[in-house]
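First up is the structure itself, then whatever we jot down about it.
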Amino acid sequence: MGFKFQGVDFIEFDSLLSEDELLVRSNTRAFIEDNLIPIIEQCNRDGRFPRKLVRHMGEMGFYGATIEGYGCAGMNNVEYGLLTQELERGDSGIRSFVSVQSALVMYPIYAFGSDAQKNFWLPKLATGEKLGCFGLTEPDFGSNPGGMRTRARKDGDSYILNGEKMWITNGSIADVAVIWAKTDEQPESIRGFLVETDRPGFTATDVHGKWSLRASVTSGLSMQDVRIPAENLLPKTGGLKSPLMCLSQARYGISWGAIGAAMACYDTALQYAKERKQFRDQPIASHQLVQEKLAWMVTEITKAQLLALHLGRLKDADKAEFQHISMAKRNNVWMALECARMARDILGANGIADDYPIMRHMMNLESVKTYEGTHDIHTLILGQSVTGISAF
Ligand SMILES: Cc1cc2nc3c(=O)[nH]c(=O)nc-3n(C[C@H](O)[C@H](O)[C@H](O)COP(=O)(O)OP(=O)(O)OC[C@H]3O[C@@H](n4cnc5c(N)ncnc54)[C@H](O)[C@@H]3O)c2cc1C
């Protein structure tokens with residue numbers, strides 16, 4: 001069952017894109033259509049990450065795509081956004097995998113790492129030979145990561161790490177974990193460390209029973225006296241600002257990715273509504289209430305596209321601020337979740353079955369609404385930005 005994706009362009013949005021940007025989008029769309037769509041529903045049922053796609057995605061230049069050099073594609077931010085849109089049109093889990101590898105592992109190594117760290121890790125992460133994860137959240141500290149308990153103690157020319165991280169994407173399949181920990185420096189500071197996951201005392205245990213992002217690996221990490229060489233410290237990290245800079249990169253990608261999930265739901269609902277007949281042998285697309293839902297969806301998708309595109313152009317001009325990214329992440333994920341719910345409704349009973357991608361996207365988007373700063377935390381960031389008063 002299911003329908004072939006037709007794309008969504010209501011107001012000649014494509015006329016705002018360059019040839020190269022359109023090419024990245026069409027290449028990624030073809031990759032997802034050929035390689036992910038045929039297997040994703042079964043992966044989702046099985047709770048299995050489609051690991052066989054990892055190296056192929058490396059060959060396609062999907063990892064660290066905005067980085068110049070080190071074997072990376074050197075895309076602009078709009079190309080990167082269109083890439084994440086197409087990945088998430090396939091599945092939020094595959095986009096999460098690429099976001100973590102790119103924005104939360106390669107970006108901090110690129111931005112905060114030494115030359116030796118960059119030269120060793122970036123080319124291997126770019127091909128997918130090595131995989132990474134990003135450990136910020138802890139069991140007791142999610143929205144407020146500054147309260148973290150993980151500690152890194154200096155011991156001669158080593159650091160010794162102790163602590164627990166939770167809800168870590170790619171945790172058990174990663175070769176290297178970017179771990180955020182408080183050091184015993186005075187004053188106390190949050191620093192980033194590269195922790196090879198085969199070090200004694202490091203364990204990763206997968207979270208089971210998820211009803212969301214089932215095709216993505218999510219793990220808890222435990223570190224008990226994990227000794228790493230002092231040169232594994234990311235030297236340019238310092239304070240909570242460092243992980244937040246990584247999150248800004250990832251949130252930007254999410255703001256585009258969510259559009260992809262919304263497009264998949266809208267396009268499925270539109271095609272279904274034109275075929276499905278109820279009352280006087282008429283397609284349900286002829287009923288005003290169904291049209292109202294489709295009109296809402298295409299309008300909100302179009303607004304989200306324009307917001308994401310403008311943000312991408314700002315980012316390329318180095319003018320995107322974190323509050324701009326918060327607005328796009330908050331709005332576009334909310335919009336996508338609303339589209340998924342409306343599309344599910346239009347498909348009636350068929351909407352709950354995995355013959356169609358809608359329910360999977362809806363469940364995935366519940367995680368996307370929560371991770372990388374919850375919807376409400378982004379509300380507070382926007383509130384602080386416009387009032388000058390922090391409410392959290
Ligand atoms: C599938 C998945 C993958 C993830 N991957 C990663 C990863 O790779 N790396 C990583 O470090 N983390 C990851 N996370 C963790 C994610 O970033 C956190 O779940 C998120 O930051 C929210 O934290 P929390 O779940 O502890 O919720 P809490 O912080 O406990 O929040 C619960 C609720 O309280 C609200 N709330 C909290 N504080 C306030 C306030 N001051 N005012 C108003 N409302 C408030 C929140 O908005 C939310 O609605 C992942 C999460 C999921 C679900």
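Atoms within a ligand are numbered from 1 in the order they appear, just like the ligands themselves. Sequential numbering from 1 along the given sequence is applied to the chain's residues.
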Ser212 and Ser367: side-chain donor and acceptor closer than 3.5 Å? yes
Passing candidate, salt bridge (Lys or Arg N to Asp or Glu O under 4.0 Å) with Asp354, options Arg360, Arg214, Arg45: Arg45
For Asn162 and Asp225, which I'm curious about, is there any donor-acceptor pair between the side chains at under 3.5 Å? yes
Taking all heavy atoms of Ala261 and all of His361, pick out the closest pair and write down the distance. CB-ND1, 3.7 Å
Do any side-chain atoms of residues 53-72 form donor-acceptor pairs under 3.5 angstrom with protein atoms, and if so which ones, sequence neighbours left out?
residue : atom : partner : partner atom : Å
Arg55   : NE   : Thr127  : O            : 3.3
Tyr63   : OH   : Val54   : O            : 2.7

What's the separation between atom OG in Ser255 and atom CD in Gln305, rounded to the nearest 0.5 Å? 12.0 Å
For ligand 1, note which part of Glu372 has a heavy atom under 4.0 Å away: side chain, backbone, both or neither. backbone
Please confirm whether Ser367 comes within less than 3.5 Å of ligand 1 when only nitrogen or oxygen atoms on both sides are compared. no
Closest to atom 47 (O) of ligand 1 (judged by heavy-atom distance), picking from Val368, Leu247, Thr374: Thr374
Answer yes if the side chains of Glu88 and Ser92 hold a donor-acceptor pair under 3.5 Å, and no otherwise. yes
So for ligand 1, is Thr218 a polar contact partner (N or O within less than 3.5 Å, distance only)? no
Side chain or backbone, does Ser143 bring an N or O within less than 3.5 Å of an N or O on ligand 1? yes
Using a plain distance cutoff, I'd like to know if Leu213 has any nitrogen or oxygen under 3.5 Å from a nitrogen or oxygen of ligand 1. no
Below 4.0 Å, non-hydrogen atoms only: which portion of Leu104 touches ligand 1? Side chain, backbone, both or neither. neither
For Phe392, counting its heavy atoms only, list the atoms of ligand 1 lying under 4.0 Å from any of them. 41 (N)
Ranking Leu380, Asn364, Asp140 by closest non-hydrogen atom to atom 42 (N) of ligand 1, top hit is Leu380
Under 4.0 Å from any heavy atom of Asp376, which atoms of ligand 1 are there? 47 (O)
Under 4.0 Å from any heavy atom of Leu136, which atoms of ligand 1 are there? 11 (O)
Are any of the N or O atoms of Trp167 closer than 3.5 Å to those of ligand 1? yes
Evaluate whether atom NE2 of His310 has more than 12 neighbouring non-hydrogen atoms of other residues, nucleotides or ligands under 6.0 angstrom away. no
Does the N or O separation between Thr370 and ligand 1 drop below 3.5 Å for any pair? no
Applying a strict under-4.5 Å side-chain criterion to I, L, V, M, F, W and Y, I'd like to know whether Met223 and Met148 cluster together. no
Heavy atom of protein closer than 4.0 angstrom to atom 35 (C) of ligand 1: no
Which one holds for Ile168 and ligand 1: side chain close, backbone close, both close, or neither close, with close meaning a heavy atom under 4.0 Å? both
Within 45° of the axis and under 6.0 Å from the centre of the six-membered ring of Tyr252, does NZ or CZ of Lys315 qualify? yes
Number the atoms of ligand 1 from 1 as they appear, then name those within less than 4.0 Å of a heavy atom of Tyr371, with their elements. 2 (C), 3 (C), 4 (C), 16 (C), 17 (O), 50 (C), 51 (C)
